[in-house]
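To keep things clear, I will list the structure first and then write my remarks on it.
Lettering follows sequence order; numbering is per chain, from 1.
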2 protein chains.
Amino acid sequence: MHPLLLSQVEQYIVPSQEDIDTLHSKLGTRRYLKGQYLVQQGDICPHLSFITSGCSKTFHIDPQGNEHITRFAIEGWWSADLGSFLTQTAADCSVKCLEDTHVLQITHQGMQELYKEAPAFERFFRNLFENSFIHSEKRVIANFSLTAKERYLAFQKRYPQIEQRVPQYMVASYLGMTKQFLSKIRNQLMVENS
Amino acid sequence: MHPLLLSQVEQYIVPSQEDIDTLHSKLGTRRYLKGQYLVQQGDICPHLSFITSGCSKTFHIDPQGNEHITRFAIEGWWSADLGSFLTQTAADCSVKCLEDTHVLQITHQGMQELYKEAPAFERFFRNLFENSFIHSEKRVIANFSLTAKERYLAFQKRYPQIEQRVPQYMVASYLGMTKQFLSKIRNQLMVENS
DNA sequence: CATAAATGTTCAACTGGTTGAACATGATTT
DNA sequence: AAATCATGTTCAACCAGTTGAACATTTATG
């Protein structure tokens with residue numbers, strides 16, 4: 001069992017060796033090259049993937065063809081179009097690797113078996129989804145109540161690792177502004193701090 | 001057991017009579033008058049409440065004093081500052097009743113007991129939080145990729161009951177626009193459809 | 001029914017952020 | 001070393017949505 005995943009599991013539950021073995025038996029490993037897709041918008045998301053190394057972005061292409069990044073994921077995070085994976089319906093986001101990426105992945109079927117054979121994971125994933133939801137709600141609030149500049153500063157503070165790893169125009173997309181405007185904000189901040 | 005809650009539970013799990021009894025034993029009933037708060041921003045959210053009649057709004061007051069509504073809830077929906085309730089930390093939203101409202105409510109402690117005594121509810125709430133998360137993510141996408149008018153139309157279509165029940169300026173707040181702008185949009189739509 | 005409180009509309013001035021094009025830089029490939 | 005591609009910057013014109021004030025309408029309430 002990968003140490004990153006084990007330590008995440010142990011954050012929420014105290015699994016027996018059997019639980020761990022069962023989880024292990026449901027997980028596949030896979031490597032994606034930079035640029036490859038974990039899911040494409042419109043498909044049914046086939047796996048829930050736990051990233052052990054690398055980085056992905058989740059994004060939606062709107063009818064005008066504009067890309068909106070909803071999420072980045074790095075080592076220790078789960079990645080998928082969760083809505084699609086959980087309900088086995090068409091994904092409204094794609095997930096694409098920004099670096100060569102190693103994952104552990106489980107199918108929807110595997111997930112059902114896991115819950116049945118090792119019910120402790122009901123609690124684990126309940127906790128995970130609780131936290132995901134809390135985080136998503138906070139983002140809705142932030143988008144409504146903060147200016148573009150404040151959103152950028154909050155992002156910098158919260159995800160310093162990610163800002164180093166992904167191009168600036170993707171950060172702009174994640175924050176819901178144009179790359180030009182983010183560039184302007186950064187310029188302003190440079191002036192302020194000198 | 002209230003039929004609305006029972007039917008929601010049965011949507012996700014097949015509970016035994018004992019499960020139902022256990023849930024029932026953890027739930028209190030309470031009535032709030034119009035204008036009363038289920039939680040106030042800054043407090044720790046004391047209950048998770050299932051609304052059996054009435055209507056609530058969840059909102060955040062930002063540092064400039066502007067109110068941003070994040071959610072409405074009516075009969076058959078759960079209401080709380082979920083982040084605060086689940087992690088027992090200060091709420092960043094208040095929840096206020098827009099009508100006289102009857103609820104069934106459970107405490108954080110009661111929730112832990114419920115999971116222990118009737119583990120089937122792990123699954124029930126996992127499913128509930130999964131759906132909440134999916135919904136919240138869709139909202140993030142909508143806020144990024146739709147115009148104010150499109151957001152209003154989507155809201156109308158999705159929550160026709162709610163539009164009838166709450167004042168228009170609250171709908172505007174929920175949709176992240178000013179009441180004046182929503183008024184203008186509605187005017188436009190009237191003209192278009194005549 | 002008279003008054004006040006809550007809600008909804010209109011308008012003109014404004015602004016935060018967008019658009020699109022042009023240019024600069026660096027990284028990759030051939 | 002040339003060429004191409006991905007990234008980042010700058011600028012002027014523009015626009016979606018805000019602000020604040022004034023007025024209109026509806027709903028409670030003494």
Atom-to-atom span, CE of B:Met177 to C1' of C:dG8 - whole angstrom
15 Å

Establish whether A:Tyr159 and B:Phe144 are linked, either directly or via other cluster members, by ILVMFWY side-chain heavy-atom contacts under 4.5 Å.
no

Between B:Glu122 and A:Arg126, does any NZ, NE, NH1 or NH2 come within less than 4.0 Å of an OD or OE carboxylate oxygen?
yes

When every non-hydrogen atom of A:Phe129 is compared with those of A:Leu82, the smallest separation belongs to CE2-CD2, 3.2 Å

Pair of N/O donor and acceptor under 3.5 Å linking C:dG20 base with A:Gln180 side chain
yes

DNA chain C-proximal residues of residues 160-174 of chain A, any heavy atom under 4.0 Å
none

Side-chain N,O (A:Asn187) to OP1/OP2 (D:dT10) below 4.0 Å
yes

Which of the following nucleotides, C:dT18, D:dT18, D:dT9, is nearest to the side chain of A:Phe181?
C:dT18

Does OP1 or OP2 of C:dT18 have a side-chain N or O of A:Thr178 closer than 4.0 Å?
yes

Rounded distance (Å) that lies between atom P of D:dG8 and atom CD1 of A:Ile185:
15 Å

Can you figure out which of C:dT9, D:dT9, D:dG17 approaches the side chain of B:Ser183 most closely?
C:dT9

From the list C:dG17, D:dG17, D:dT18, which nucleotide is the closest neighbour of the side chain of A:Arg151?
C:dG17

Tell me: CG of A:Asn143 to P of D:dG17, nearest whole Å?
15 Å

Side-chain H-bond candidate by donor/acceptor type, A:Ser136 with B:Glu137, under 3.5 Å
yes

For atom NZ of A:Lys179 and atom P of C:dT18, their distance in whole Å:
13 Å

Length of the line joining A:Arg186:CZ and D:dT9:C1', which is rounded to integer Å
11 Å

May I have the distance from A:Tyr152 (atom OH) to C:dG17 (atom C1'), rounded to whole angstrom?
17 Å

Quickly work out the A:Lys149 NZ to C:dT15 P distance and round it to whole Å.
16 Å

Do A:Ser56 and A:Ser79 have a side chain donor and acceptor closer than 3.5 Å?
yes

Do B:Met111 and B:Leu48 pass the side chain to side chain contact (heavy atoms under 4.5 Å, CB included) test, and can you show the C-alpha distance, the side-chain angles, and the key distance before you say yes or no?
CA-CA 9 Å; B:Met111 202 82 174; B:Leu48 178 59; 3.9 Å; yes

note: B:Gln64, atom CD; D:dT19, atom C1'; distance rounded to Å ~ 14 Å

Between B:Lys34 and B:Lys184, name the one whose nearest nucleotide on DNA chain C is closer to the 5' end.
B:Lys34

Please tell me whether A:Trp78 and A:Phe125 form a close aromatic pair, meaning their ring centres lie under 6.0 Å apart.
yes

